[in-house]
Amino acid sequence: MDAKQRLRERLAKPGPLLVAGAHNGMTAKLVEEAGFDAVWASGFEISAAHCVPDANILTMAEQLGAASWMVKAVDIPIIADCDNGYGNAINVIHMVKSYESEGISAVCLEDNVFPKRCSFYAGVKRELASAEEHAGKVKACLDTRKSDDFLIIARTEALIAGWGMEEALMRGRAYADAGADFVLVHSKSEQADEVLGFAEQWDRDTPLVCVPTIYKTTTATTLYEGGYKIIIYANHGLRSGIKAQREALSTIVKEQHCSSVDHLVVPKTDVYDLIGVPQMKSDEKNFMPTGGDRVGAIILAAGASPELGELTQDKPKAMLDVKGKPVLGHQVDALNAAGVKDISVVVGYKKEAVDLTNLKTYSADESQGEAASLMQAASELDRRTLVLYGDILFDQEVVERLLQAEGDVVLVVDRSNLEGRPKRDLVHTADTKADKGERFLKGTRIDTLERIGQDIDGANGEWIGMLMLSKKGAQGLRELYADLGDGALHQAESLDKAALTDLLQALVDKGLTVNTIDTFKGWMEIDTFEDYQRAWAQLK
Ligand code: SPV
Ligand code: MG
């Protein structure tokens with residue numbers, strides 16, 4: 001069932017049809033979100049949105065362009081205000097063809113002459129076409145429409161022009177008898193008595209439409225009970241928008257910083273949801289080539305870093321500035337230079353400070369462990385993926401070598417320095433050449449992980465906080481995580497608090513092969529203030 005058939009069906013049910021004005025896709029979306037039955041593609045609003053009077057200054061194509069965006073934005077029907085049909089009956093024929101083929105559900109045609117004047121502008125010259133001419137336009141609509149579900153609303157401006165009730169009734173009858181599906185009677189009286197009086201004397205079956213802009217205290221129920229089926233709130237979205245924008249913009253000028261309007265604006269994510277960014281993400285996944293070679297990266301940057309004190313008071317460690325760029329920026333540069341462009345970051349602590357563009361973000365709770373954090377971005381684990389901590393700096397060459405490594409799960413392990421600080425992620429691998437001080441070329445050796453964790457006994461290397469998962473490895477890791485209960489996991493008290501090392505040890509315990517490649521320096525971790533100073537000193 002298309003929108004115009006749904007409109008027909010809805011109109012067959014008892015109760016008033018509530019409609020609100022819009023001037024583009026977004027305002028139509030807000031009308032739909034608020035719960036209205038249909039959108040009024042208002043000539044008043046669309047003209048005002050272009051900052052011109054509602055006086056046939058915009059062309060039919062411009063008005064239709066705005067209405068078409070509304071069709072694309074919402075599921076509810078669009079009732080288009082088509083003024084006087086933009087000319088005579090010949091123009092009306094073209095208008096009906098154009099509007100019906102664009103997916104509009106109904107058009108409204110008023111008996112103003114061309115060019116018109118908005119019904120409410122005081123002191124302007126107002127002239128109506130003859131009833132005969134307007135009835136001819138209505139007939140042209142009926143003759144042109146392809147579907148009987150494409151509704152024709154004929155509107156009389158007789159009361160607006162001050163031509164009296166008899167004239168209004170005569171015109172309404174002429175348009176109903178010409179075959180209009182609805183008759184709209186417009187009034188600028190401050191009381192609803194005028195439109196209610198019209199309805200009382202209405203002697204045709206054709207249902208009525210009203211626009212209670214001036215008789216604004218009368219409820220929809222009263223109007224419905226008085227004989228009106230469609231009630232149009234024609235311009236309240238536009239007018240409330242102007243008020244809200246005025247307040248926010250003038251506040252910024254006055255206060256000179258935009259946080260002064262935080263309470264007046266919606267979060268950007270609200271905008272994203274309205275315009276369909278979540279849908280775009282899933283479409284990307286479903287319809288764009290993942291490409292066997294396309295590698296993603298997930299950077300884990302959700303945790304707080306109290307050990308860095310004031311430095312991380314208002315930002316996560318990944319956003320610490322090192323020579324004019326945050327750690328995360330340096331990471332992105334190195335990844336991009338190695339050909340990895342599709343980068344996601346899992347944020348948590350002070351996530352609003354992570355404002356790098358070109359990154360997809362996922363949110364975790366800062367109290368969660370790295371494993372749970374990674375799983376927030378589980379939907380990215382559908383291809384070959386690099387996973388890394390948000391607090392390491394590394395040479396591009398480390399990434400390049402990892403990308404060349406084969407294996408489903410491959411960790412980069414530093415063999416150069418086993419002495420040092422506590423709380424490091426240490427590993428023990430199967431091949432003990434490193435323990436014995438034997439020589440080998442770093443690029444050629446693939447080893448197998450046996451144990452991993454903080455400060456394990458007999459370690460022969462340190463994991464640098466970067467690993468690569470093949471598509472199969474990524475899937476294996478997701479499945480393993482889903483299968484694990486919420487009990488303790490190795491060095492973690494619960495799955496929710498588990499570090500990546502706990503998850504990797506679980507993989508090994510399950511009998512899956514986890515490989516390692518070696519590096520000898522070429523990276524650094526920022527854990528302490530001394531590390532941070534070292535990063536400044538060493539980074540070129
Ligand atoms: C419009 O919204 O453009 C209308 C209704 O035609 S009114 O402005 O009340 O004339
Ligand atoms: Mg109008």
Side-chain angles (χ1 to χ4, degrees), residues 17-24 27-28 30-31 36 38-60 62-67 70 78-87 91-92 95 99 104 106-124 126-129 134 137 151-163 168 171 175 180 182-192 194-195 198 208-216 218 220 223 228 230-242:
L17 190 95
L18 298 190
V19 183
H23 53 271
N24 56 22
T27 48
L30 295 173
V31 167
F36 283 93
V39 178
W40 170 246
S42 157
F44 178 103
E45 284 210 13
I46 298 168
S47 301
H50 289 76
C51 214
V52 295
D54 181 13
N56 282 136
I57 288 169
L58 293 186
T59 62
M60 185 209 81
E62 286 167 327
Q63 294 276 1
L64 175 58
M70 300 181 203
I78 311 297
I79 302 175
D81 172 10
C82 293
D83 294 339
N84 36 25
Y86 311 102
N91 301 83
V92 165
M95 179 211 94
Y99 275 73
I104 311 289
V107 287
C108 176
L109 207 63
E110 69 202 24
D111 52 11
N112 277 313
V113 294
F114 182 95
K116 65 163 286 185
R117 295 287 176 264
C118 166
S119 311
F120 300 135
Y121 297 163
V124 296
R126 205 169 286 289
E127 233 182 289
L128 303 188
H134 200 62
K137 287 186 183 178
L151 299 178
I152 310 301
I153 304 173
R155 159 172 165 178
T156 180
E157 294 282 289
L159 297 175
I160 297 282
W163 290 13
R171 284 172 174 264
Y175 309 156
F182 284 82
V183 166
L184 189 160
V185 54
H186 206 9
S187 160
K188 59 184 178 193
S189 167
E190 285 181 12
Q191 307 303 326
E194 200 170 47
V195 288
F198 181 97
L208 298 175
V209 184
C210 65
V211 185
T213 307
I214 309 295
Y215 44 101
K216 55 190 176 190
T218 311
L223 292 165
Y228 289 88
I230 301 180
I231 323 280
I232 301 174
Y233 297 95
N235 48 45
H236 300 83
L238 174 91
R239 286 159 63 199
S240 56
I242 291 173

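Both ligands and their constituent atoms are indexed starting at 1 by order of listing.
The salt bridge (charged side-chain N to carboxylate O under 4.0 Å, His left out) test with K116 singles out one residue from D81, D111, D54, and that residue is D54.
Contact residues of ligand 1 (protein heavy atom closer than 4.0 angstrom to a ligand atom; sorted by chain and number): W40, S42, G43, F44, D54, D81, S119, F120, R155, H186, V211, A234.
Sorting the N, O or S atoms of D81 by how far they are from the Mg ion (ligand 2) puts OD2 first.
Aromatic rings of F198 and H186 (six-membered ring for Trp) have centroids beyond the 6.0 Å cut-off, not under it.
One distance of note links CD of E110 with OH of Y175; it measures 10.5 Å at 0.5 Å rounding.
H50 has its side chain out of reach of I57: every pair of non-hydrogen atoms, C-beta onward, lies at least 4.5 Å apart. Looking at V107 and I152, their side chains come closer than 4.5 Å, going by heavy atoms from C-beta outward. A 4.5 Å side-chain heavy-atom check between E45 and N24 finds every atom pair outside the cut-off.
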